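Written below as structure tokens is the structure these notes are about.
Residue indices begin at 1 and follow the sequence shown. Predicted model only: the values in this text are computed from it and were never measured.
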Amino acid sequence: LASNTEDLAPNTEDLTLSPTDLPEALQHRLDELTPKARKEKVWPVIVWLWALQNYKTEQSATLLNRQVAALRTSHLIPLREQEKLISYTYPEVINHPEQAYQVTAKGLNWLKKQGICIEE
């Protein structure tokens, strides 16, 4: 039996936001991120993104130009479990098909301390 993987190509059309959808200052920070950027540079961008919209892990990885596994272990898990700056949108069902991350009230306060004010 030959494997047929033609239909398994990733569909990432809905994962790319137009730069005009993001505040100019946030887009500037995204553009400045290097592949080896430390958490002090990456975390404000992640929390700021999620203060504007909930994102799935794959969407976040695309926006941040990161590998999913590395993003999850280096940033998402610490931001959610230790810092409590983000949370799941479906905390009662961890593997929910539409699972995404959202910013917490603590995350919004943290952003303000970083000098980033989100208009509500």
Would you check if [X] and [Y] make a side-chain contact, meaning some heavy-atom pair closer than 4.5 Å?
X	Y	answer
P78	T73	no
L30	N65	no
H75	V45	no
Q102	I86	no
L49	L64	yes

Exercise. Any link between I94 and V68 through a network of hydrophobic side chains (Ile, Leu, Val, Met, Phe, Trp, Tyr) touching at under 4.5 Å?
Worked result: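 Each belongs to a different hydrophobic cluster.
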Exercise. Do I118 and Y55 share a hydrophobic cluster, counting only Ile, Leu, Val, Met, Phe, Trp and Tyr and linking them when any side-chain heavy atoms are less than 4.5 Å apart?
Worked result: yes
Enter the distance from [X]:[atom1] to [Y]:[atom2] here, rounded to the nearest 0.5 Å.
X	Y	atom1	atom2	value
W110	L79	CH2	CG	7.0 Å
Q53	L22	CD	CG	8.5 Å
L63	W50	CG	CH2	10.0 Å
L52	D21	CG	CG	10.5 Å

For this session: Kindly determine whether V47 and L108 satisfy side-chain contact (heavy atoms from CB on, under 4.5 Å), including the steps that lead there.
Result: CA-CA 8 Å; V47 178; L108 288 173; over 6 Å; no
Exercise. Listed by chain and number, what are the side chain to side chain donor-acceptor pair (under 3.5 Å) partners of E32, not counting sequence neighbours?
Worked result: H28
Exercise. Among all residues two or more places apart in sequence or in another chain, which pass the side chain to side chain donor-acceptor pair (under 3.5 Å) test with S74?
Worked result: none
For this session: Could you tell me whether the side chain of T89 and the main chain of Q99 form a donor-acceptor pair under 3.5 Å?
Result: no
Problem set entry | Short side-chain to backbone donor-acceptor contact, T104 and L85, under 3.5 Å |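 Here the side-chain-to-backbone pair exists.
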For this session: Might you confirm whether atom CD of Q114 has over 12 heavy atoms from other residues, nucleotides or ligands at distances under 6.0 Å?
Result: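 More than 12 within 6.0 Å, yes.
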For this session: Kindly check if the number of other-residue, nucleotide or ligand heavy atoms within 6.0 Å of CG (N109) is above 12?
Result: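 More than 12 heavy atoms, drawn from other residues, nucleotides or ligands, come within 6.0 Å of this atom.
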For this session: Test S60 against L71 for side-chain contact (heavy atoms from CB on, under 4.5 Å), laying out the working first.
Result: CA-CA 8 Å; S60 304; L71 178 66; 3.7 Å; yes
Problem set entry | Quiz item: cation-pi between K39 and W43, 6.0 Å / 45° |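 Yes, cation above the ring, under 6.0 Å and within 45°.
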Exercise. Can you tell me if Y101 and R80 form a side-chain donor-acceptor pair at under 3.5 Å?
Worked result: no
Exercise. Do D31 and Q27 have side-chain atoms, one donor and one acceptor, less than 3.5 Å apart?
Worked result: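 A pair is found: one side chain offers a donor N or O, the other an acceptor, under 3.5 Å apart.
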Exercise. How close do L33 and K41 get, heavy atom to heavy atom, and via which atoms?
Worked result: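 Heavy atoms of L33 and K41 come nearest at CD2-O, 3.8 Å.
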For this session: Taking all heavy atoms of A61 and all of Q67, pick out the closest pair and write down the distance.
Result: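 Of all heavy-atom pairs spanning A61 and Q67, the closest is CB-C, 4.4 Å.
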Exercise. What do the steps show when you test K56 against E98 for salt bridge (Lys or Arg N to Asp or Glu O under 4.0 Å), and what is the final call?
Worked result: CA-CA 8 Å; K56 294 181 178 184; E98 296 299 316; 3.2 Å; yes
